[in-house]
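Lettering of chains follows the sequences in order, A, B, ..., and the numbering in each one begins at 1.
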Protein chains: 2
Amino acid sequence: MKPRDDKKADDIYKATLSLVKAKGLAGITMGEIAREANIATGTLYIYFKNKSELINSLFTVCRNASAAVYFKNFETSMPFKTGFKTIWYNLLNYRIKRFEEAVFIDQCYHSPFITETTKEMTKKLFMPLYSLIDSGKQQQLIKDHDTIMLLTFMAGSINETVKHAYYANRKITKEVAEEMFQMCWDGIKA
Amino acid sequence: MKPRDDKKADDIYKATLSLVKAKGLAGITMGEIAREANIATGTLYIYFKNKSELINSLFTVCRNASAAVYFKNFETSMPFKTGFKTIWYNLLNYRIKRFEEAVFIDQCYHSPFITETTKEMTKKLFMPLYSLIDSGKQQQLIKDHDTIMLLTFMAGSINETVKHAYYANRKITKEVAEEMFQMCWDGIKA
DNA sequence: TTTTTAAGTGAATATTTATTCATTAATTTT
DNA sequence: AAAATTAATGAATAAATATTCACTTAAAAA
């Protein structure tokens, strides 16, 4: 029996991400994905039942990967600001390093491929962030606004800035990143 | 000679926006657009040469509409903060009221339909915003960071918050809007 | 080594979707 | 009122794309 090549599913994912970044979800075909991944069209269907399942499956992989990264180096015992900054930088670095995944996830949200249940599960994954913000509010270190609003403010500035840097072909230096963090912090602090 | 029905092009635009919001750019077909607009498929081709031209044309219409709205009630003579706030609220209200257009524009950016020249023209339309930010920096009212970074920070928080409110099915009240503005202002002020 | 099993292939087929076109209907012009 | 012109229609066709399948190849088990 010939075993399945683990690397191949990954190649397919990579090819898909790269094509979506270049042409959008509306622009990709199974044929192109196969070509980009250096495999035959038929092989795609060994690894994924159909296009929809490929997209959904990639969405789940990306989302889980991102959720895992958000809490790297974070300890509940940290002072609030330190913890917040840790997560802020994790988010920024993730968006920079895996820009393609961010674009893909954004596009999926308004697409016929992703099911409602998949979207629901995504919400749950980010629950831990809520507790962090809540604790900051309890310690009166940050503004007493709606938790989701505060989180969204944080995420929004990062997302948009990374997107812009990418399109304008600019690198986000250490100094710029620190400036960005300062703006975000000044915005939410009490 | 039968005259062309001016309302029809608008119906087609509306139908397209509505479908893109619901299923994404990847999910729409000319047939569906026609059905949603209550016309025959062939009629689409009287008003637009093909799908690509329809999308591009709608993109341009949306973009120009948004640019026009940004400077409503704004006077160069205003104190910086007043002017900034005016534009901030214009942006917020536009995003709320025309959520579909915002989604559409976002999706177009990574799509095979929009040409590079169209993207270039978009940049130019928003030049006036740059001068506003520059003047705020000169008066030392806001942080001396890169202009685009400041603008992006502003736009990012608005976009993401409106998006979130939409998906979570929450209304952005006057109070919430004011909180949001405060966060943005605290973030950028010197 | 031989057999077995599943992966891998890519041309063939099925399906979906864009686009055209012969025809009809609605206006305007004469 | 008749002629002329163009919009509007939707079934027919063309084009693009997803999916299958008969076949080949590679690896594992016997």
Colleague: Tell me if a side-chain donor or acceptor on B:Asn159 pairs with a main-chain N or O of A:Gly156 at a distance below 3.5 Å.
Modeller: no

Colleague: Please give, in whole Å, the distance from D:dA8 C1' to B:Ile33 CD1?
Modeller: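 Checked: the CD1 to C1' distance equals 18 Å.
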
Colleague: Side chains of residues 65-78 of chain B: which donor-acceptor pairs under 3.5 Å do they make with residues two or more places apart or in other chains?
Modeller:
unit_1: B:Ser66; atom_1: OG; unit_2: B:Arg63; atom_2: O; d: 2.8

Colleague: With 3.5 Å as the limit, what N/O pairs link the protein to nucleotides 9-13 of chain D?
Modeller:
unit_1: D:dT9; atom_1: OP2; unit_2: B:Ala40; atom_2: N; d: 3.0
unit_1: D:dT9; atom_1: OP2; unit_2: B:Thr43; atom_2: OG1; d: 2.6
unit_1: D:dG10; atom_1: N7; unit_2: B:Gly42; atom_2: N; d: 3.4

Colleague: To the nearest angstrom, how far is B:Arg35 atom CZ from C:dT17 atom P?
Modeller: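 So the CZ-P distance, B:Arg35 to C:dT17, works out to 11 Å.
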
Colleague: Of the listed nucleotides (D:dA27, D:dA7, D:dA18), which one gets closest to any side-chain atom of B:Tyr47?
Modeller: D:dA7

Colleague: From the options C:dT27, C:dA18, D:dA27, select the nucleotide whose nearest atom is closest to the side chain of B:Lys2.
Modeller: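 Selected nucleotide (nearest to the side chain): C:dT27.
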
Colleague: Kindly assign one of parallel, tilted or perpendicular to the pair A:Phe181 and A:Trp88, based on the angle between their ring planes and the thresholds 30° and 60°.
Modeller: perpendicular

Colleague: Hey, which of B:Arg95, B:Lys14, B:Lys21 is the one that makes salt bridge (charged side-chain N to carboxylate O under 4.0 Å, His left out) with B:Glu100?
Modeller: B:Lys21

Colleague: For the residue pair B:Asp134 / B:Gln138, report whether a side-chain donor-acceptor contact shorter than 3.5 Å exists.
Modeller: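 No donor-acceptor contact under 3.5 Å links the two side chains.
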
Colleague: Rounded to the nearest angstrom, tell me the gap between atom CZ in B:Phe48 and atom P in C:dA18.
Modeller: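 These atoms are roughly 15 Å apart.
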
Colleague: How many whole angstroms separate atom CG of B:Asp6 from atom P of D:dA8?
Modeller: 10 Å

Colleague: Checking B:Lys119 against B:Tyr109: charged group under 6.0 Å from the ring centre and within 45 degrees of the axis?
Modeller: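 Cation-pi check for B:Lys119 and B:Tyr109: passes.
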
Colleague: Rounded to the nearest 0.5 Å, what separates atom CD1 in A:Ile133 from atom CZ in A:Phe153?
Modeller: 11.5 Å

Colleague: Rounded to whole Å, please give me the gap between CD1 in A:Ile12 and P in C:dA7.
Modeller: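 To the nearest whole Å, that distance equals 12 Å.
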
Colleague: Which of the following nucleotides, C:dA18, D:dT19, C:dG8, is nearest to the side chain of A:Asp5?
Modeller: C:dG8

Colleague: Which protein N or O atoms sit under 3.5 Å from an N or O of nucleotides 1-4 of chain D?
Modeller:
none

Colleague: I would like to know whether B:Ile12 and B:Leu54 meet side chain to side chain contact (heavy atoms under 4.5 Å, CB included); could you show each step before the answer?
Modeller: CA-CA 9 Å; B:Ile12 295 171; B:Leu54 161 57; 3.8 Å; yes

Colleague: Whole angstrom is fine here: how far is it from CD in B:Glu32 over to C1' in C:dA18?
Modeller: 13 Å

Colleague: Any donor-acceptor pair under 3.5 Å linking the side chain of A:Lys137 with the backbone of A:Ile142?
Modeller: no

Colleague: Quick check: on DNA chain C, is the nucleotide nearest B:Thr29 upstream (toward 5') of the one nearest B:Pro3, or the reverse? Name the residue that is more 5'.
Modeller: B:Thr29

Colleague: With respect to the side chain of B:Asn50, which nucleotide from C:dT19, D:dA18, D:dA28 is positioned closest?
Modeller: C:dT19

Colleague: Output the rounded distance in Å from CD (A:Glu53) to C1' (D:dT19).
Modeller: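 Spelled out: CD on A:Glu53 to C1' on D:dT19 is 14 Å.
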
Colleague: When the distance from NZ of A:Lys51 to P of C:dT15 is rounded to whole Å, what number comes out?
Modeller: 17 Å

